[in-house]
Amino acid sequence: MREFGKKVLWDRQKINKVSTYIILSMFIIFAMLFGVLLDIWLKTNVFFTILFFIFSVFQILFGLSLTGSFIIKLLDAKRLGEENLREIIKNSTYFSDPEYIKNIIDEVKRVVDCDSDIEVFVIPSQMINALLVGRTKHDYKLCLTYGTIEKLPLNEFKALLYHEFFHIITKDTEYLTTVSGTFGSPMLLFKLSSNAMKNIIKSKNKVSNMDFYRDFIIFSFICLVSVLFLPLSLLTNFFISVRKEFDADIFSVNNVGKESMISLLKKIKESCQSLDTSYFFMRHLFFSHPNCKDITNKVNKAIETYPTIDERNEFIEKSYSQDNRVE
């Protein structure tokens, strides 16, 4: 069974740190190359090359600073407060005290020696899943679905937490959020600008003509340029390794045992409910595929970012076959 000593974790952190800067550079380079091709095709000198360079830098600044906040809004997630937590716990079989859940999260943080600030949110969905996003020590956001709190006993709940915290301490989440904030940002900008235009048109009679045309032109321009960048968003999953999920699963097994992790994955497979999201750029931030595509037995394709649930179980069994002790 694989062990995760300090050196292994440190090496993983360095790899993710370097990979983060590579992703930032690649996004700008790909954007400029796309602009060069358009300039050659349309014979516009360097107009699109410069435009795409400026817009790619803008998207990086926008994506890396606001991706987490917008994902929270898109999922309609609410901050984990005592009131909404008590409402969830009414339907929980295993938890009866809101503070107990917070204490469990703090306990796992201490065990893995994680000193990052983590805001906890709840997603109004009965599926068992979680999402983790963030790029800096004070910027992590952990989203748990209602189903995760309502349906998981303590050890399985901890198994999910250890999996997610592994991504934090190895800087996997920093890298994955960077992928979403760069290659995924065109899709995010397109969605946001499209929604803004719809709202502007609806409120046309409530604002002055000057305000209407100003806002309409601004968001139309953002929407148009975002459309040109959309092919880059389709490259998102090519920068995601399924190995990250395998390693996080084994780390969880090392802390809570094989049975709890296997049981967690089994429950996800048996009771999976598709989360209502079409946002391609953030699928890899979830514990398991938000649209349940990973529960099939089909061979993984490049378009997906997760091993199947069966593949994850098989990997755990294989890794753990020679040692049944929790290390």
Side-chain angles (χ1 to χ4, degrees), residues 18-71 73-74 133 135 174-204 207-241 277-285 291 293 301-305:
V18 172
S19 299
T20 296
Y21 289 113
I22 291 175
I23 285 294
L24 294 173
S25 302
M26 288 180 65
F27 181 71
I28 294 176
I29 292 171
F30 280 17
M32 291 183 66
L33 287 175
F34 193 25
V36 169
L37 292 175
L38 284 176
D39 282 329
I40 293 174
W41 181 40
L42 299 174
K43 298 180 181 180
T44 50
N45 293 322
V46 293
F47 174 77
F48 283 104
T49 304
I50 295 174
L51 175 64
F52 277 32
F53 170 75
I54 294 173
F55 205 71
S56 64
V57 172
F58 166 75
Q59 286 191 112
I60 287 176
L61 295 175
F62 166 81
L64 298 188
S65 60
L66 297 174
T67 294
S69 299
F70 278 112
I71 285 176
K73 291 182 180 179
L74 291 172
V133 62
R135 289 196 64 257
E174 180 178 322
Y175 170 76
L176 295 172
T177 302
T178 299
V179 173
S180 288
T182 52
F183 284 89
S185 62
M187 187 170 290
L188 175 60
L189 275 174
F190 175 74
K191 292 282 186 181
L192 293 174
S193 57
S194 298
N195 291 339
M197 287 179 63
K198 291 177 183 176
N199 292 331
I200 290 170
I201 293 173
K202 287 180 180 178
S203 61
K204 180 178 179 180
V207 297
S208 65
N209 287 336
M210 182 177 294
D211 290 338
F212 171 78
Y213 287 116
R214 179 200 62 201
D215 294 342
F216 186 81
I217 291 172
I218 291 174
F219 285 105
S220 294
F221 175 76
I222 295 175
C223 190
L224 176 62
V225 178
S226 297
V227 168
L228 297 177
F229 272 79
L230 283 182
L232 292 181
S233 283
L234 300 179
L235 298 176
T236 301
N237 286 349
F238 288 99
F239 302 104
I240 309 299
S241 170
T277 174
S278 60
Y279 298 104
F280 182 84
F281 70 94
M282 66 180 181
R283 292 177 183 176
H284 54 271
L285 298 173
N291 290 333
K293 290 185 178 179
K301 298 180 180 179
I303 197 64
E304 298 300 345
T305 62

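Rounded to the nearest 0.5 Å, atoms CD1 (Ile218) and OG (Ser193) are 12.0 Å apart. Atom CE of Met32 sits about 11.5 Å away from atom CG of Leu51, to the nearest 0.5 Å. Of the inter-residue distances, the one linking Asp215 atom CG with Ile201 atom CD1 reads 12.0 Å to the nearest 0.5 angstrom. One finds the OG1 atom of Thr178 at 12.0 Å from the CD1 atom of Ile22 (value rounded to the nearest 0.5 Å). Of the inter-residue distances, the one linking Phe55 atom CZ with Ile222 atom CD1 reads 6.0 Å to the nearest 0.5 angstrom. Annotation: the span from Ile60 atom CD1 to Ile28 atom CD1 amounts to 4.0 Å, rounded to 0.5 Å.
Aromatic pair Phe30/Phe27: ring centres not closer than 6.0 Å.
Residues Ile40 and Val36 are in side-chain contact: their nearest non-hydrogen atoms beyond the backbone lie under 4.5 Å apart. Using a 4.5 Å heavy-atom threshold, the side chains of Pro186 and Phe190 count as separate. Looking at heavy atoms from C-beta onward, Val133 lies out of side-chain contact with Ser180 at the 4.5 angstrom threshold. Taking 4.5 Å as the limit, every side-chain heavy atom of Phe70 sits out of range of all side-chain heavy atoms of Lys191. Between Thr44 and Leu38, the closest side-chain pair of non-hydrogen atoms is not below 4.5 Å.
In this structure a side-chain-to-backbone donor-acceptor pair under 3.5 Å is missing from Thr177 to Glu174.
Met26 and Phe239 make their closest contact through CE-CE2, 3.4 Å (heavy atoms, listed as atom of the first residue, atom of the second, distance). The two atoms that bring Leu64 and Arg135 nearest to each other are CD2-CD, 3.5 Å, heavy atoms only. The two residues Gly181 and Thr67 make their nearest non-hydrogen contact at CA-OG1, 3.5 Å. Contact between Phe52 and Gly35 at its shortest, heavy atoms only, is CD2-N, 3.6 Å. Heavy atoms only, all atoms of each residue included: Tyr175 and Ile23 are closest at CE1-CG1, 3.5 Å.
Taking the six-membered ring where the residue is Trp, Phe212 and Phe216 present parallel rings, their angle staying beneath 30° rather than reaching 60°.
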